[in-house]
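Given the structure is predicted, the values throughout are model-derived calculations rather than measurements. Atoms within a ligand are numbered from 1 in the order they appear, just like the ligands themselves.
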Amino acid sequence: MSQHEWHADTLGVRAGSEHTAFGENSEAMFLTSSFVFENAAQAAARFGGQEPGNIYSRFTNPTVSMFQNKLAALEGAEFCVATSSGMSAILACVMGICSAGDHVVASRSIFGTSVQLFSNILKRWGLETTFVSLTDPSEWKAAVQPNTKLFFVETPSNPLTEVCDITVLADIAHQAGALLAVDNCFCTPALQKPLSLGADIVVHSATKYIDGQGRCLGGAVLGRKETLEPVYGFLRTAGPTMSAFNAWVFLKGLETLHVRMEAHARNALALAQWLEQQPRVERVYYPGLTSHPQHELALRQQKSGGAIVSFDVKGGQPAAWYLIDATRMISITANLGDAKSTITHPATTTHSRVSAEARAAAGIGDGLVRIAVGLEHIDDLKADLAWLSSTD
Ligand SMILES: *Cc1c(COP(=O)(O)O)cnc(C)c1O
């Protein structure tokens, strides 16, 4: 009899769970910093690695392990390392893979703090990064050096939702002897599985859709065990581990990931289509729209357009701010991945540290507004943005 394989939604609910002798159905939260040994010999065997088992929660913790195993099942990864935040996941990934004197090629359109990490902090420790266009593979090819170790990319991008071909970039990376890491925060494994498209590493900010309700910070690095051994080694030694409490929250979040992402994306598509019809809207950026320049690639690579919709409001910054201040329900905050819809003005918040010229070159205009579409009813979202319909 052939083995029945669980569907992704079932993996989200069931994979990775382990239960204690008490018979709890909801996974237990192990709030303990260390673990007790039966005797001195067992302590020595655990520390020496001859006997598997928990020692100390900076190394491993059962609740964190359950989270890691569940997320690994969803991403189709052999191994997962959970971290204290999305940024510490990216840091651990680079610290594990690269050394001083190495070179990284990264997309220009990655999360603003990731740009700062590569160009301000890691640079001081001898790691050089070349930033290139997300969508032009020839720039990635041209940026390769003999010491290039890592390609780093985020697709779709923030806030313009540009998409790159993961398989094409993976081929270029592998020809250069480098690894491709994909920040899969916007899609989550419910909508996109970079490892199955050729990427070597996936990083996550679990803070976003994996939590799904804006409560905790966390992150993860996923890939082959052999590749991630030094990433785990960095974590165990340097210490930006995920707390058991946060892992428990994320375990609950993953149970509903698939239904949430479907509902987020359904709302986002409906809102994007409505926005395209509004007189005060100049242009809408959403991979699920046929007007998106990479619509076909996006839908080949992703299950849907995702839940981030950006648009240019006619009238520049004053109009964008007027719209944001006119909302009564949508939260004015830069976070995303929450059941609550959020609205932000990238030019004066998330991208305010980018120079005006660089912003203009990247296509982030003063009238650009980003909405991370939540789970409220679509009619209420439209009502909250009704100013866009007025022409006076
Ligand atoms: C938020 C975010 C991060 C950073 O995650 P934190 O959990 O805030 O540290 C990294 N990448 C992307 C795409 C993000 O949206």
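- At under 3.5 Å, a nitrogen or oxygen of D183, whether backbone or side chain, sits near a nitrogen or oxygen of ligand 1.
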Test ring pair (Phe, Tyr, Trp, His ring centres under 6.0 Å) on Y209 and H204; report intermediate values, then the result. CA-CA 10 Å; Y209 293 103; H204 271 292; over 10 Å; no

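- In terms of N/O distances under 3.5 Å, ligand 1 is approached by M87.
- Any N or O atom pair closer than 3.5 Å counts here, and E154 shares no such pair with ligand 1.
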Derivation and outcome, side chain to side chain donor-acceptor pair (under 3.5 Å), residues N184 and E75: CA-CA 10 Å; N184 201 25; E75 285 284 7; 3.1 Å; yes

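- Of the protein's heavy atoms, S205 OG, 3.0 Å lies nearest to atom 5 (O) of ligand 1.
- Geometrically, K208 engages F111 in a cation-pi contact, judged by NZ or CZ lying under 6.0 Å from the ring centre and within 45° of the ring axis.
- Among protein heavy atoms, the minimum distance from atom 14 (C) of ligand 1 is reached at K208 NZ, 2.9 Å.
- Taking a cut-off of under 4.0 Å to the non-hydrogen atoms of T207, the atoms of ligand 1 that pass are 6 (P), 7 (O).
- Taking the ring centre of F131 as origin, the terminal cationic atom of R108 falls outside the region bounded by 6.0 Å and 45° from the ring axis.
- Rounded to the nearest 0.5 angstrom, T60 OG1 and N54 CG are separated by 3.5 Å.
- The structure places CZ of R280 at 4.5 Å from CH2 of W387, a figure rounded to the nearest 0.5 Å.
- Residue-ligand proximity: N158 is placed with every non-hydrogen atom at 4.0 Å or more from ligand 1.
- Note: F118 and F152 meet the aromatic proximity criterion, with ring centroids under 6.0 Å apart.
- The shortest N or O to N or O distance between G86 and ligand 1 is under 3.5 Å.
- Closest protein heavy atom to atom 4 (C) of ligand 1: F111 CE2, 3.4 Å.
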